[in-house]
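Have a look at the structure below before the remarks.
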Amino acid sequence: MFEKVDIHSLNFNPFDKIGKDWLLISATKSGKTNTMTASWGTLGHLWNKDVAIIFIRPQRYTKEFVDESETFTLSFFDDKHKELSYLGTKSGKDEDKISKVNFHIEMVDGNPTFKEAKEVFICKKLYVGKLEKEYFLLPEIYEKNYPLDDLHYVYIGEITDVYSNK
């Protein structure tokens, strides 16, 4: 059961939650939900708002869903690396990958998350832009991360609500 909590009452390390534990970015389009695993992102304060900044490559199927929706969710889990790894390597365009890992979609205030999640952030899109090759100051970062020239799109979302699974 998800309960709304104050974002400022959360006690977790964002470096671990994002970089080590990973998360799911999810959105709904035409009544269908899709999700992708992310291990890059930031949480912080921008434009006098609590925000999440996420990155999605152009070929990811989830991008279509995030683009079509006014909101997206970030779902955080405990000990679900196997499932998140699968969700990050398979496309929802090709299969019902969510059911394959035995996750169950739950709508919270009209936004998709999963019954198995520990926390969920509901984010309202504020900004979308694309990284540009000419702005990389260290060429080796570009070369290592973008051998296909598939630069990420950057989404800044205001964290409007946070829920904890009790």
Side-chain angles (χ1 to χ4, degrees), residues 2 4-29 33-81 83-85 87-89 92 103 108-109 111-114 116-165:
F2 286 97
K4 190 180 277 195
V5 297
D6 181 355
I7 192 170
H8 301 284
S9 72
L10 293 178
N11 186 19
F12 68 76
N13 180 330
F15 300 99
D16 289 341
K17 279 292 191 184
I18 297 170
K20 292 182 182 176
D21 298 338
W22 310 336
L23 62 116
L24 291 178
I25 300 169
S26 308
T28 299
K29 170 181 136 180
T33 295
N34 199 57
T35 193
M36 64 174 271
T37 302
S39 62
W40 291 2
T42 64
L43 302 173
H45 200 72
L46 179 67
W47 305 322
N48 299 311
K49 298 177 183 300
D50 295 319
V51 299
I53 303 173
I54 61 167
F55 303 85
I56 303 177
R57 290 190 192 266
Q59 66 267 36
R60 294 301 298 259
Y61 185 48
T62 302
K63 183 180 180 309
E64 296 176 26
F65 288 74
V66 174
D67 286 344
E68 290 293 321
S69 182
E70 292 181 16
T71 60
F72 58 88
T73 60
L74 305 180
S75 300
F76 299 90
F77 300 80
D78 281 341
D79 301 320
K80 298 291 185 185
H81 259 129
E83 293 87 345
L84 295 181
S85 180
L87 292 169
T89 57
F103 277 9
V108 177
D109 288 342
N111 298 281
T113 188
F114 303 91
E116 296 76 16
K118 184 171 180 183
E119 292 102 13
V120 60
F121 292 5
I122 298 174
C123 302
K124 179 182 176 183
K125 286 190 312 189
L126 301 175
Y127 175 89
V128 179
K130 186 177 181 187
L131 294 177
E132 299 292 339
K133 181 178 181 177
E134 62 265 21
Y135 296 114
F136 281 83
L137 302 178
L138 300 174
E140 60 269 21
I141 292 175
Y142 181 85
E143 292 162 8
K144 179 181 178 187
N145 293 285
Y146 300 102
L148 302 176
D149 292 320
D150 57 342
L151 289 136
H152 284 92
Y153 281 80
V154 179
Y155 295 80
I156 301 174
E158 177 184 8
I159 302 168
T160 58
D161 293 294
V162 175
Y163 288 85
S164 183
N165 200 348

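Along the sequence shown, residues are numbered consecutively beginning with 1. No experiment lies behind these values; they were computed from the predicted model shown.
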pair Arg60-Phe55: side-chain heavy atoms closer than 4.5 Å: no

State whether the side chain of His81 and the backbone N or O of Lys20 hold a donor-acceptor pair below 3.5 Å, judged by distance alone. yes

In chain order, what residues pass the side-chain hydrogen bond (donor to acceptor under 3.5 Å, both in side chains) check against Lys80, with sequence neighbours excluded? none

Side chain to side chain contact (heavy atoms under 4.5 Å, CB included) partners for Ile18, two or more places apart: Leu23, Leu43, Phe76

For Lys144, check salt bridge (charged side-chain N to carboxylate O under 4.0 Å, His left out) against everything at least two apart and list the hits. none

Rounded distance [0.5 Å steps], CG in Asp109 versus CG in Asp161: 6.0 Å

Could you tell me whether the side chain of Phe77 reaches within less than 4.5 Å of the side chain of Lys118, counting heavy atoms only? no

With side-chain hydrogen bond (donor to acceptor under 3.5 Å, both in side chains) as the rule and sequence neighbours excluded, what pairs involving residues 125-142 come up? Tyr142-Asp149

Ile54 CD1 to Tyr155 OH distance, which is reported to the nearest 0.5 Å: 7.0 Å

Sequence neighbours excluded, which residues qualify as side-chain hydrogen bond (donor to acceptor under 3.5 Å, both in side chains) partners of Ser69? none

Give, for atom NE2 of His152 and atom CG of Leu131, the distance between the pair rounded to the nearest 0.5 Å. 7.5 Å

So, using side-chain hydrogen bond (donor to acceptor under 3.5 Å, both in side chains) as the criterion, who are the partners of Glu68 when residues are at least two apart? none

Side chains of Phe136 and Leu151, heavy atoms from C-beta outward: is any pair under 4.5 Å? yes

Answer yes or no: does atom CZ of Phe12 have more than 12 heavy-atom neighbours from other residues, nucleotides or ligands under 6.0 Å? yes

Go through Val51 and Ile159 one step at a time and tell me if the side-chain contact (heavy atoms from CB on, under 4.5 Å) criterion holds. CA-CA 5 Å; Val51 299; Ile159 302 168; 5.5 Å; no

Give a yes or no on whether Gln59 atom CD has more than 12 heavy-atom contacts from other residues, nucleotides or ligands under 6.0 Å away. yes

Quick one, Tyr153 with Asp67, criterion side-chain contact (heavy atoms from CB on, under 4.5 Å). Give me CA distance, side-chain angles, the key distance, then yes/no. CA-CA 10 Å; Tyr153 281 80; Asp67 286 344; over 6 Å; no

Counterpart residues, side chain to side chain contact (heavy atoms under 4.5 Å, CB included), relative to Asp79 (two or more places apart): none

OG1-CZ distance between Thr28 and Phe65, expressed to the nearest 0.5 angstrom: 8.0 Å

Can you tell me how far apart CG (Asn111) and CZ (Phe121) are? Round to the nearest 0.5 Å. 14.0 Å

dist Asp78:CG -> Glu116:CD (nearest 0.5 Å) comes out at 12.5 Å

Quick one: list whatever passes side-chain hydrogen bond (donor to acceptor under 3.5 Å, both in side chains) with Asn145, sequence neighbours left out. none

Set of side chain to side chain contact (heavy atoms under 4.5 Å, CB included) partners for Thr160, sequence neighbours left out: Ile122, Lys124, Glu158

Please list, chain by chain and in numerical order, all residues satisfying salt bridge (charged side-chain N to carboxylate O under 4.0 Å, His left out) with Glu83, sequence neighbours excluded. none

Val120 versus Ser75, closest heavy-atom pair with distance: CG2-OG, 3.8 Å

Between Thr113 and Thr73, do the side chains contain an N or O donor and an N or O acceptor separated by less than 3.5 Å? no

Contact list for residues 34-53, test side-chain hydrogen bond (donor to acceptor under 3.5 Å, both in side chains), sequence neighbours left out: His8-Asp50, Ser26-Thr35, Asn34-Thr62, His45-Asp50

Please list, chain by chain and in numerical order, all residues satisfying ring pair (Phe, Tyr, Trp, His ring centres under 6.0 Å) with Phe72, sequence neighbours excluded. none

Nearest atoms (heavy-atom pairs only) where Lys63 meets Arg57: CD-O, 3.9 Å

